[in-house]
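Please read the structure below before turning to the comments.
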Amino acid sequence: MRATNGRLSLLFHRVADRLEISGGATFQVQAYRRLADRVAGMEESLHERWVAGGRLSEVPGIGKAIEAKLDALFRTGTFPLLQRLAQEVPESQLELLHIRGLGPARVRALAEHLGVRDVEQLRTAVETGQLAQVPGFAERTADRVHRSLFEYMSHRGRRLRHLCDGPMDTLLRRLSTCPAAGAVHPVGSYRRGAEDMANLDLVVVTTRPEQIAACLADLDAVEVLDETVSGGTLRDPPDALVPTGSDSGRDRGDAGRQGDAPLPSVRVRFDSGLVAVVRLCPPTIAGGAIAWHTGSRAHNARLRELASAREMSYGPTGLRAGGRPVRSRDESALYAALGLPEIPPELREDRGEIEAALDGRLPQLLRREDVQGDLHMHTRASDGSGSILDMAMAARALGHSYIAITDHTQNVRIANGLTPERAAALIDEVRRVDSQVEGIRILAGLEVDILKDGALDMPEEILSRLDVAIASIHSHFDQPLEEMTARVLKALENPHIHILAHPTGRLIGQRSPLQLDMDRLFQAALQCRVSLEINSNPERLDLDDRHCRIAARMGVPVVISTDAHSTSQLENLSRGVLQARRGGLEPKDVANTLTCGEALAVLRRRG
DNA sequence: GCCGTTTTCGGCCCGACTGTTTTCAGTCG
């Protein structure tokens, strides 16, 4: 295997993680970690530099010690330091670091006192109450670890969507240059717009499957795990082919393994461990195959019932009648054959979309271009990296007609939150910049911290000067349900507050949602006319799709915002839109699809 | 581990706060 920079970066990360758990010097750990990041972003290949006789120690971050280790690695293919560390700290133990509340020291303590070296053992220790025996795990910490373990387990083996975009792009670009490939379709959870996924799934329309397999084998970024592409051409549904048994993780059902005969496939793995399953199908049944591999298990089961009622069957190769494939060149043909309009991929979860389709009341889903403004972002005034003008120009370039500058308030110290004096100055500065730019309106706002007792972290006189006042929680995440609910409701009752940002406080796979009575929250939002945010940060996506659905049903206004801390993060808006689409939201449900004036009228509820 | 150098070793560090300790680990945006 070639020693790409990506692989070297991974190696340095593994060394750093293990050194940390085994109690290595902090600065040594940092040196490896910094180097890992640096190498990942380098244009020049370290290996090629070495081959050409270049000095590695001239690369920033590489000194004499690492140069010698790399020299040995390139000559012998081994990295003895990592081999030694791997014996001390197994891979399974590294995984424990992903659980909030567990750092290297506590992971070490768990191994020393309980012999816990993997997630399953930790779970047992938690469930049997053994955690309390370990120094450093008093009741509250143990409680916390318990909750974050639960959150972690529920997303284990899954990757956040933004980490899958690059690999998906790589595959799409490669396949688009392959002469044997017709249309290339992302399918599976990715196409349904899911926030995280176990693997990538694609369907390639082709009559020459072997050439597709060869094309993927040629791709530097991946390793081919296996393929079930036998010789010849692909004309008829390949019923006789051997199952791949490919999918892994919770999603196992939504692509493959649900029915009869699978399509031939090629499975590849990226350096990050992400697996992609590329399925190959002939044009005649493309619509059925794409639909089958896109729908969730539950959605497909419903389509199968409909097919059965029409004396057809439905499986990986689409519809069959009397044992013969039903032609479906595209998905609309497939749905039409079942008496349905085509259902948008984001809705294919069996959460009411089949009934809606049958009744002719599928929503006209929100589109990215419906959104006219972004009401949550940060600048250098607190913890952002751009100026007011930077953010405004970048937003204008994205087609926004208005934005709100909403920096943090003083209680969020680490984010350089604003005192009332600095907030007042920021408002003046926003007004000044707004008067000088054309083509976009800049609104003055703040992301006001909700304190432990529900009080707001900014005096009324400042709040009353804002166009957009956002309230949100950044501390004391562990309050019990009653306390937390009362805290948030108290903040919503303040008449100056327009929006509740990242309402549940979750970080996907890392931090559980706040213990919050969501029924009462929705009721209060409705009564106070406070909008609830869909935060587009890929680690938050909060509200989630189910909450979006509830909000729309109850008539609680929703706002989709980026919470951008840099100009590039303004592009995350499409992630929030995707979540809204999964929640079935239409433009009318989302306040920032309105013009600036109209949106402000919705926000200024009591005026 | 690396770096810069006052060339042989000290500095490197977001930093205040919390929980659990009695000096420290982990957290927050």
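Nothing here was measured: the structure is a model prediction, and the numbers come from that model.
- Straight-line distance from the CZ atom of A:Phe477 to the P atom of B:dT27: 12 Å, rounded to whole Å.
- Of all heavy-atom pairs between A:Gln479 and A:Lys452, the closest is NE2-O, 3.1 Å.
- A:His378 comes within contact range of no nucleotide atom at all, as no heavy-atom separation falls under 4.0 Å.
- Counting any heavy atom pair closer than 4.0 Å across all strands shown, A:Arg511 reaches sugar-phosphate atoms only and no base atom.
- Ion pairing between A:Glu482 and A:Arg520 holds under the 4.0 Å rule for side-chain N and carboxylate O.
- Within the shown strands, nothing qualifies as a pairing partner of B:dT8 under the Watson-Crick or G-U definition with both distances less than 3.5 Å.
- Straight-line distance between the C1' atoms of B:dT27 and B:dT20: roughly 14 Å, to the nearest whole Å.
- Between the side-chain ring of A:Phe27 and the base of B:dC12, a stacking contact exists by the 5.5 Å and 30° definition.
- Note: CZ (A:Arg147) to P (B:dT27) measures 14 Å, nearest angstrom.
- For the pair A:Lys452 NZ and B:dA16 P, the interatomic distance rounds to 20 Å; values are reported in whole Å.
- One interatomic measurement links the two molecules: CG of A:Asp478 to P of B:dC17, which rounds to 19 Å at whole-angstrom precision.
- Contacts classified as ring pair (Phe, Tyr, Trp, His ring centres under 6.0 Å) and involving residues 54-78 of chain A (residues at least two apart or in different chains) are given here: A:His47-A:Phe74, A:Trp50-A:Phe74.
- Along DNA chain B, the nucleotide closest to A:Gly63 and the one closest to A:His502 are compared, and the more 5′ of them pairs with A:Gly63.
- Note that the CD atom of A:Glu571 and the CZ atom of A:Arg368 stand 9.0 Å from one another [nearest 0.5 Å].
- Just one residue in the list A:Arg159, A:Arg506, A:Arg546 forms a salt bridge (Lys or Arg N to Asp or Glu O under 4.0 Å) with A:Glu195, and that residue is A:Arg506.
- Nucleic acid contact class of A:Leu35 (heavy atoms, under 4.0 Å, all strands): none.
- Nucleic acid contact class of A:Arg33 (heavy atoms, under 4.0 Å, all strands): none.
- Residue contacts shown for A:Thr141 are limited to sugar-phosphate atoms, with no base heavy atom under 4.0 Å away.
- Backbone-only engagement by A:Arg144 is indicated by non-hydrogen atom pairs under 4.0 Å involving sugar-phosphate atoms exclusively.
- Among the protein residues, A:Tyr32 comes within range of the sugar-phosphate backbone only, with heavy atoms under 4.0 Å from sugar or phosphate atoms but none that close to a base.
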